[in-house]
Amino acid sequence: MRYSQLLIPTLREDPAEAEVASHRLMMRSGMIRKVAAGIYSTLPLGQRVIQKTKQIIREEMNRAGGQEVFLPFIQPAELWEESGRWEVYGKEMLRLRDRGDRQFCLGPTHEEVITDLVRSTVNSYRQLPINLYQIHIKFRDEIRPRFGMMRAREFIMKDAYSFDIDENGAEESYRKMYEAYSRIFSRLGLTFRAVEADTGPIGGNFSHEFMVLADTGEDIIVTCTGCDYAANTEKAEIAKPVVSDADPAKFQALKRVETPDMRTIEEVAGFLNVLPEDLIKTLVFTSSQGPVVALVRGDHDINEVKLRNYLKCDSLELAGEEVIEKITGAPRGFAGPIGMKNVRIIADYGLQGCCNMVTGGNERDVHVVNVNFGRDVSVDEFADLRSAQAGDSCPRCNKLLSTTRGIEVGHIFKLGTKYSKAMNCSYLDREGKAQPMIMGCYGIGVGRTVAAAIEQSHDENGIIFPEPIAPFSVIVVPVNTNDAVQMEIAVNLYNGLAAKGVDVLLDDRDERPGSKFKDADLIGVPLRVTVGKNAVEKKYLDIKERKGGEAQQVAIDDAVAVIERRLKQPEV
RNA sequence: CGGGGAGUAGCGCAGCCUGGUUAGCGCGCAUGCUUCGGGAGCAUGAGGCCGCGGGUUCGAAUCCCGCCUUCCCGACCA
């Protein structure tokens with residue numbers, strides 16, 4: 001394509017609204033423009049990248065046996081009432097009415113619609129298993145959309161749904177998707193990791209997130225330095241420490257100290273001149289099972305997901321001021337486990353064996369020091385309640401865990417029968433008996449994947465696209481478009497490459513070379529061919545890789561072959 | 001929803017505190033000439049509901065009140 005005819009409105013300066021690299025660069029390179037918060041138009045350059053990404057996803061989904069469908073974006077309330085999610089979903093779902101006052105929503109996800117489709121068209125075990133997928137938009141009215149395409153309200157998603165006759169089949173379907181996802185992200189040229197994830201309220205036995213590794217990622221993932229264990233921090237287990245109870249001989253006398261207005265761990269530790277790890281953090285929660293008190297060491301973080309899973313309760317949240325006062329008799333900041341009655345207390349494993357600790361005194365402006373388990377506090381339950389940190393031990397091999405940041409681009413779930421039971425999606429088995437189908441669902445955020453690719457691969461000059469999703473593979477830059485010889489060489493090369501099926505862009509704009517080089521860098525085209533004086537006088541072209549390195553001089557006649565080889569083996 | 005910024009030309013910003021000619025600068029855009037291997041030079045020109053509504057005032061981009069939009073942090077999130 002000719003640059004002069006394309007709409008690529010690059011910006012010289014960073015747009016004020018964009019903070020993170022991918023957002024900034026997608027705006028600057030003219031890939032996207034904002035229409036409203038979390039809602040974007042995709043321009044030709046962005047569309048090319050999106051299409052290439054979609055195509056790779058599509059090919060791998062098809063290879064894995066998926067069948068492409070297209071489900072409605074506007075969905076009737078009845079389906080959601082059937083699954084019970086019309087009430088549950090909350091404000092994230094944008095609801096609307098048609099002229100007949102019937103209720104609809106903009107589809108935030110498609111379990112209901114697909115389940116409805118399958119129940120009405122699939123009746124026999126002979127038709128199973130089946131995997132249906134689509135690639136189109138979703139709308140979730142996020143509380144706070146941010147970072148451009150990374151967390152938009154309207155976004156493109158590939159979502160697939162599998163239906164099986166039994167658990168084994170469902171696990172096989174899941175495994176196929178796991179493999180397909182691994183192939184997809186590899187083909188896209190991304191550095192990624194599949195990690196174990198919490199299944200959340202959706203339930204099911206297992207779930208994996210596919211994370212693109214990037215320092216700016218919103219998620220923290222835990223990986224083992226010794227084995228291949230990797231998990232989201234919400235899920236990451238910590239090996240149960242092997243410790244014996246503290247020696248009572250070391251216990252010092254319990255003492256009450258005044259700590260005026262010292263509420264946080266840091267304040268108390270600083271005030272008493274002790275370390276955060278010498279404190280016991282006492283957290284009061286309200287849950288569907290009533291109030292619960294959780295204890296973790298001062299330098300550890302409570303993991304609400306772990307606590308919720310341990311308690312097996314539906315809801316769990318940090319208690320408000322009122323409940324805290326009722327349970328502890330003191331305002332927030334002075335809670336401690338001593339003397340607490342009629343409330344379930346669970347302590348993290350990290351507290352086992354600790355002695356002479358500091359806790360709140362359950363009284364305004366008072367803490368207690370030299371607190372010891374057994375003597376002062378009796379806790380019946382110890383459990384893994386805290387979030388893993390770098391330096392903790394791996395639950396599988398006991399080696400050290402480390403943490404890294406990632407961007408969640410894919411998530412696969414084994415759903416089980418939640419929707420098939422609620423919506424009566426069943427098949428007849430060999431005995432003619434109706435059985436609920438076992439479902440799985442599998443999502444990939446397409447726009448987020450592109451954003452993640454940019455986040456992972458850019459420099460101060462712009463995007464460095466992996467070749468498979470680059471908007472163009474090669475850009476041919478004639479230095480002076482008014483020079484007929486240069487233009488002829490450039491056009492011939494352009495035609496030669498295009499004839500070989502290479503995605504090539506000819507920068508035929510009558511601009512100064514500096515501007516054209518800057519734009520080429522900004523939009524991230526992997527290979528740049530410069531046609532200048534050297535081409536006219538010495539019959540060679542300069543081929544430069546976007547990711548860096550010296551330009552290579554190639555004879556004009558060899559250029560097409562050399563470029564083809566480079567694209568196949570970008571490492572050369 | 002809580003906290004903190006910001007809305008002035010397509011983009012980036014100044015002006016506002018201390019009200020007063022015709023609202024300015026850089027980039028971009030248009031035209032012409034000169035240039036042409038990393039965002040050129042000169043000249044001419046187009047482009048503004050100063051976010052919206054109300055108020056104060058002889059007079060409001062500027063002061064006051066209300067609203068809207070948007071960005072960041074937090075809470076939230078298959």
Side-chain angles (χ1 to χ4, degrees), chain A residues 9-20 23-24 27-28 30 33-39 83 85 88-93 107-112 138 140-148 150-153 155 157 159-161 197-204 206-209 218-219 232 234 304-305 317-318 320 408 410-416 418-419 439-445 448 460-462 477-483 486-487 507 509-522 528-538 540-542 544 551 553:
Chain A
T10 57
L11 303 171
R12 188 190 282 233
E13 288 166 285
D14 284 334
E17 69 188 47
E19 200 78 0
V20 299
H23 186 195
R24 221 170 54 226
M27 298 281 291
R28 274 195 63 198
R33 279 294 166 91
K34 189 180 70 177
V35 175
I39 299 174
S83 71
R85 289 209 289 183
V88 178
Y89 217 93
K91 286 188 176 173
E92 212 177 289
M93 184 158 75
T109 176
H110 284 75
E111 280 85 7
E112 280 78 3
K138 304 251 181 285
R140 294 179 193 172
D141 201 354
E142 293 271 353
I143 297 169
R144 182 147 100 81
R146 59 185 129 176
F147 306 147
M150 197 85 95
R151 183 175 283 265
R153 291 194 293 173
F155 58 99
M157 185 182 234
D159 49 323
Y161 306 88
D198 186 68
T199 49
I202 273 273
F206 39 74
S207 166
H208 284 86
E209 289 171 346
E218 285 189 273
D219 297 297
N232 189 308
E234 286 182 351
E304 289 189 32
V305 173
E317 55 188 22
L318 271 171
E408 180 191 347
H411 202 158
I412 60 178
F413 286 88
K414 188 162 159 281
L415 284 179
K418 178 181 163 105
Y419 297 96
M439 293 172 58
C441 73
Y442 317 92
I444 293 178
R448 185 182 284 188
E460 65 281 3
N461 291 316
V477 183
V479 169
N480 184 351
T481 51
N482 297 314
D483 181 320
Q486 283 185 25
M487 275 310 281
D507 194 347
R509 294 174 301 166
D510 183 15
E511 292 288 338
R512 298 182 52 87
S515 305
K516 300 209 268 192
F517 292 151
K518 287 288 183 190
D519 277 339
D521 285 351
L522 181 57
R528 188 184 79 204
V529 186
T530 307
V531 183
K533 279 190 183 131
N534 292 339
V536 177
E537 292 163 11
K538 302 179 191 159
Y540 70 77
L541 304 169
D542 294 287
K544 195 167 189 306
Q553 301 181 341

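Here is how names work: the chains are called A, B, and so on, in the same order as the sequence lines, proteins then strands, and each is numbered from 1.
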Fill in: Complementary nucleotide for B:G2 - Watson-Crick or wobble, under 3.5 Å
B:C73

Discussion item. Go nucleotide by nucleotide along RNA chain B from the 5' end; which of A:Ala18 and A:Thr481 gets its closest nucleotide reached first?
Written reply: A:Thr481

Worksheet item: Within a strict 4.5 Å, meaning less than it, do heavy atoms of the A:Pro9 and A:Arg33 side chains meet?
Response: yes

Discussion item. Within the structure provided, determine whether A:Glu111 and A:Cys441 are in side-chain contact (heavy-atom separation under 4.5 Å).
Written reply: yes

Item to complete: Only counting residues at least two apart or in another chain, list the ones meeting side chain to side chain donor-acceptor pair (under 3.5 Å) with A:Tyr89.
Response: none

Item to complete: Using the C1' atoms only, state how far B:G15 lies from B:A9, rounded to an integer number of Å.
Response: 15 Å

Worksheet item: On a whole-Å scale, what distance lies between the P atoms belonging to B:A23 and B:U69?
Response: 30 Å

Worksheet, complete the sentence: Here the distance between atom C1' of B:G38 and atom CG of A:Asp519, to the nearest Å, is 11 Å

Worksheet item: By salt bridge (charged side-chain N to carboxylate O under 4.0 Å, His left out), which residues pair with A:Glu304, not counting sequence neighbours?
Response: none

Worksheet item: Quick one: A:Asn482 CG to B:C33 P, roughly how many Å, whole number?
Response: 12 Å

Any protein N or O atoms within reach of nucleotides 43-48 of chain B? Criterion: under 3.5 Å, listing atom names and distances.
none

Discussion item. Using atom P in both nucleotides, what's the gap between B:G47 and B:A75 to the nearest angstrom?
Written reply: 49 Å

Item to complete: Select base, sugar-phosphate, or nothing to describe what A:Met27 touches, counting heavy atoms under 4.0 Å on all strands.
Response: nothing

Practice prompt. Check every atom of B:U35, B:G38, B:G37 against the side chain of A:Asp521 and return the nucleotide holding the closest atom.
Written response: B:G38

Worksheet item: Quantified in whole Å, what is the P atom distance between nucleotide B:G5 and nucleotide B:G48?
Response: 32 Å

Item to complete: Could you tell me which nucleotide pairs with B:A14 by Watson-Crick or G-U wobble geometry, both distances under 3.5 Å, or answer none if nothing does?
Response: none

Worksheet item: Does the ring of A:Phe517 carry A:Arg528 above it, NZ/CZ under 6.0 angstrom from centre and within 45° of its axis?
Response: yes

Worksheet item: Just checking A:Arg153: base, sugar-phosphate only, or nothing, at a heavy-atom cut-off of under 4.0 Å?
Response: nothing

Item to complete: Report the C-alpha distance between A:Met157 and A:Arg448 in whole Å, list the side-chain angles of each, state the deciding distance to 0.1 Å, and finish with yes or no for side-chain contact (heavy atoms from CB on, under 4.5 Å).
Response: CA-CA 9 Å; A:Met157 185 182 234; A:Arg448 185 182 284 188; over 6 Å; no

Discussion item. Would you measure the distance from the C1' atom in B:G53 across to the matching atom in B:A60 and give it in whole Å?
Written reply: 15 Å

Worksheet entry | Closest-nucleotide 5' rank along RNA chain B - winner of A:Asp14 and A:Thr530 | A:Asp14

Worksheet item: Rounded to the Å, how far apart are A:Lys516 NZ and B:U35 P?
Response: 18 Å

Worksheet item: Can you check the A:Glu17 CD to B:G12 P distance for me, whole Å?
Response: 7 Å

Worksheet item: Checking all strands, does A:Arg33 fall into the base, sugar-phosphate, or nothing category for heavy-atom contacts under 4.0 angstrom?
Response: nothing

Fill in: Separation of the C1' atoms in B:A40 and B:G59, to the nearest angstrom
46 Å

Worksheet item: Can a donor-acceptor pair under 3.5 Å be found between the side-chain atoms of A:Arg85 and the base atoms of B:A78?
Response: no

Discussion item. Distance check needed: B:A78 P versus A:Glu112 CD, whole Å only.
Written reply: 14 Å

Item to complete: Please determine, for B:A61, whether a Watson-Crick or G-U wobble partner exists with both distances under 3.5 Å, and give it or none.
Response: none

Worksheet entry | Same-atom distance (C1') from B:G12 to B:G7, integer angstrom | 14 Å

Worksheet item: Listed by chain and number, what are the side chain to side chain donor-acceptor pair (under 3.5 Å) partners of A:Glu112, not counting sequence neighbours?
Response: A:Ser83, A:Arg85

Worksheet item: Which one is paired to B:G47, where only Watson-Crick or G-U wobble pairs with both distances under 3.5 angstrom count?
Response: none

Worksheet, complete the sentence: Applying side chain to side chain donor-acceptor pair (under 3.5 Å) to A:Lys518 and not counting sequence neighbours gives none

Worksheet item: If we call it a pair only when both distances are under 3.5 Å in a Watson-Crick or G-U wobble match, what pairs with B:G66?
Response: B:C52

Fill in: Side-chain donor or acceptor of A:Arg28 paired with backbone N/O of A:Asp14 under 3.5 Å
no

Fill in: Rounded distance in Å between the C1' positions of B:A6 and B:C13
12 Å

Worksheet entry | B:G19 - base-pair partner by Watson-Crick or wobble geometry, distances under 3.5 Å | none

Worksheet item: Partners of A:Asp483 by side-chain contact (heavy atoms from CB on, under 4.5 Å), sequence neighbours excluded?
Response: A:Asn480, A:Val485, A:Gln486, A:Val536

Worksheet entry | A:Tyr161/A:His110 under side-chain contact (heavy atoms from CB on, under 4.5 Å): CA gap, chis, key distance, verdict | CA-CA 9 Å; A:Tyr161 306 88; A:His110 284 75; 3.3 Å; yes

Discussion item. Could you work out, with side-chain contact (heavy atoms from CB on, under 4.5 Å) as the rule, every residue matching A:Lys538, not counting sequence neighbours?
Written reply: A:Asn534, A:Tyr540

Grab the N/O contacts between the protein and nucleotides 73-76 of chain B below 3.5 Å, and write none if there aren't any.
| residue | atom | partner | partner atom | Å |
| --- | --- | --- | --- | --- |
| B:C73 | OP2 | A:Arg144 | NH1 | 3.2 |
| B:C73 | OP2 | A:Arg144 | NH2 | 2.6 |
| B:C76 | N4 | A:Arg146 | NH2 | 3.3 |

Item to complete: Looking at every strand, decide which applies to A:Asp542 at a 4.0 Å heavy-atom threshold: base, sugar-phosphate, or nothing.
Response: base

Worksheet entry | Listed partners of A:Val20 passing side-chain contact (heavy atoms from CB on, under 4.5 Å), at least two apart | A:Ser22, A:His23, A:Phe147, A:Glu455

Worksheet item: Within this structure, what is the CG-to-C1' distance between A:Asp219 and B:A78, rounded to whole angstrom?
Response: 13 Å

Fill in: Any residue meeting side-chain contact (heavy atoms from CB on, under 4.5 Å) with A:Ala551, in chain and number order, not counting sequence neighbours
A:Asp542, A:Lys544

Response to the item:
Rounded to whole Å, CD of A:Glu209 lies from P of B:C77 at a distance of 14 Å

Could you list, one pair per line, each protein nitrogen or oxygen that sits under 3.5 Å from a nitrogen or oxygen of nucleotides 27-31 of chain B, together with the distance?
| residue | atom | partner | partner atom | Å |
| --- | --- | --- | --- | --- |
| B:C27 | O2' | A:Arg12 | NE | 3.4 |
| B:G28 | OP1 | A:Arg12 | NH2 | 3.3 |

Worksheet, complete the sentence: Any strand, both distances under 3.5 Å, Watson-Crick or G-U wobble: B:C42 pairs with B:G32

Item to complete: Quick one: list whatever passes side chain to side chain donor-acceptor pair (under 3.5 Å) with A:Asp141, sequence neighbours left out.
Response: A:Arg153

Worksheet item: Out of B:C71, B:G37, B:A40, which nucleotide sits closest to the side chain of A:Arg512?
Response: B:A40

Worksheet item: Rounded to the nearest Å, what distance is computed from the CD atom of residue A:Glu537 to the P atom of nucleotide B:C36?
Response: 13 Å

